[in-house]
Amino acid sequence: MIIYGKQLFLHILDVHKQNFKEIYLAKEIDKSLFAKISRLGVKILKIDNKKAQALAHGGNHQGFLAKVDEFEFCEIADLKEAKFLVILWNLSDIGNIGAIVRSAYALGADAICVVSKNLQIEGVIRASSGAAYEIKIARIDDGAGLINELKQIGFQIFAATMDGEDIKTAKIGAKTALILGSEGEGIPQKIVTKCDHSVSIKMKHGWDSLNVSAAFAIICDRMING
């Protein structure tokens, strides 16, 4: 898997350096940083911008690229001891998913389940600035089955909807899963009906909705941190 971008590159260098398999530099870098990279003991290749653009598929690589180990998703069995799960239902915007991953980790969520058949995890890792490496992420095909499994092990399932109970007054249990729907269609109604509760953000002005990543950060913080 190819990663690129200075912030992500440096995060992996500082926290997950064992993941590097090969490094590609498309610019001159500080001598002390180059020395730090050299100590990894992996091959370092200096490449031109054309090659870098090809590896990054036109993305903003900032001169830092690398081949790293494939991302390891967790299994449902790994989530049984979690207290707070996030379920993303068919979200399509990689930027939103990455922002949610970053906020989930920062606010104290235990894991994220992404209901999607075509998750571009490389983009999520990049959009999360590397936070995807710091929190458990599961990729799920059968979201309805996931809800059933979680209920069987004691989770209360909350759906984030436009007409749900004010998140400020909702009673949060010891084991909680929060579902957020896709940017355009939200959570399918048949899934909402399977949930134990629906919650929403009551806004003071008559705007119809917030960006899903912004809404998640508010709801997540209120559910976890009060």
Side-chain angles (χ1 to χ4, degrees), residues 1-74 86 88-106 109 111-141 180-185 210-217:
M1 182 173 74
I2 300 295
I3 62 94
Y4 59 86
K6 184 175 181 179
Q7 186 174 6
L8 175 55
F9 182 97
L10 293 180
H11 178 78
I12 297 174
L13 179 63
D14 288 338
V15 186
H16 300 283
K17 59 186 178 183
Q18 72 280 0
N19 286 2
F20 282 118
K21 299 175 74 68
E22 201 165 71
I23 289 171
Y24 313 106
L25 298 176
K27 62 182 292 184
E28 294 297 322
I29 64 172
D30 179 81
K31 289 183 178 180
S32 60
L33 177 56
F34 186 80
K36 184 176 181 179
I37 295 171
S38 298
R39 288 194 290 271
L40 296 174
V42 301
K43 183 184 291 186
I44 302 172
L45 300 175
K46 292 189 176 182
I47 59 176
D48 59 27
N49 188 60
K50 184 177 179 180
K51 175 65 173 177
Q53 285 292 99
L55 288 173
H57 300 289
N60 183 17
H61 55 77
Q62 300 172 295
F64 293 84
L65 308 95
K67 181 187 292 185
V68 298
D69 290 329
E70 292 298 319
F71 186 82
E72 293 187 9
F73 291 97
C74 71
V86 181
L88 304 182
W89 198 281
N90 289 335
L91 269 69
S92 59
D93 187 293
I94 293 299
N96 281 335
I97 298 174
I100 289 171
V101 169
R102 189 166 62 248
S103 295
Y105 175 65
I112 297 171
C113 301
V114 183
V115 180
S116 173
K117 295 181 179 180
N118 300 299
L119 179 63
Q120 297 177 347
I121 190 61
E122 296 92 338
V124 173
I125 293 169
R126 187 166 58 255
S128 73
S129 299
Y133 282 115
E134 311 308 326
I135 188 170
K136 293 178 180 178
I137 298 178
R139 181 173 54 192
I140 308 297
D141 289 335
L180 292 100
S182 65
E183 296 85 347
E185 299 179 2
L210 298 174
N211 171 275
V212 65
S213 63
F216 165 76

Return the NZ to NZ distance between K36 and K17, rounded to the nearest 0.5 Å.
8.0 Å
List the atom of D69, the atom of Q18, and the distance in Å for their closest heavy-atom pair.
OD2-O, 3.9 Å
Using side-chain heavy atoms (C-beta onward) and a distance below 4.5 Å, is Y133 in contact with V68?
yes
What's the spacing between N90 CG and L119 CG if we round to 0.5 Å?
11.0 Å
Heavy-atom closest pair (N96 atom, S213 atom, distance to 0.1 Å) is OD1-OG, 3.7 Å
Centres of the F9 and F20 rings: under 6.0 Å?
yes
Return yes if some donor-acceptor pair links the side-chain N/O of R102 with the main-chain N/O of A127 below 3.5 Å, else return no.
yes
Kindly give the heavy-atom pair with the smallest separation between E22 and Y24, and that separation in Å.
OE1-OH, 2.6 Å
A quick test of your reading: do over 12 heavy atoms of other residues, nucleotides or ligands sit less than 6.0 Å from CG of D30?
yes
Look up atom CG in D93 and atom CG in N211, then write down how far apart they are to the nearest 0.5 Å.
8.0 Å
Kindly compute the distance separating CD1 (I135) from CD1 (I112), expressed to the nearest 0.5 Å.
4.0 Å
Do we see a donor-acceptor contact under 3.5 Å between the side chains of H57 and E122?
no
Taking the six-membered ring of F34 as reference, does the cationic atom of K46 (NZ for Lys, CZ for Arg) lie under 6.0 Å from its centre and within 45° of its axis?
yes
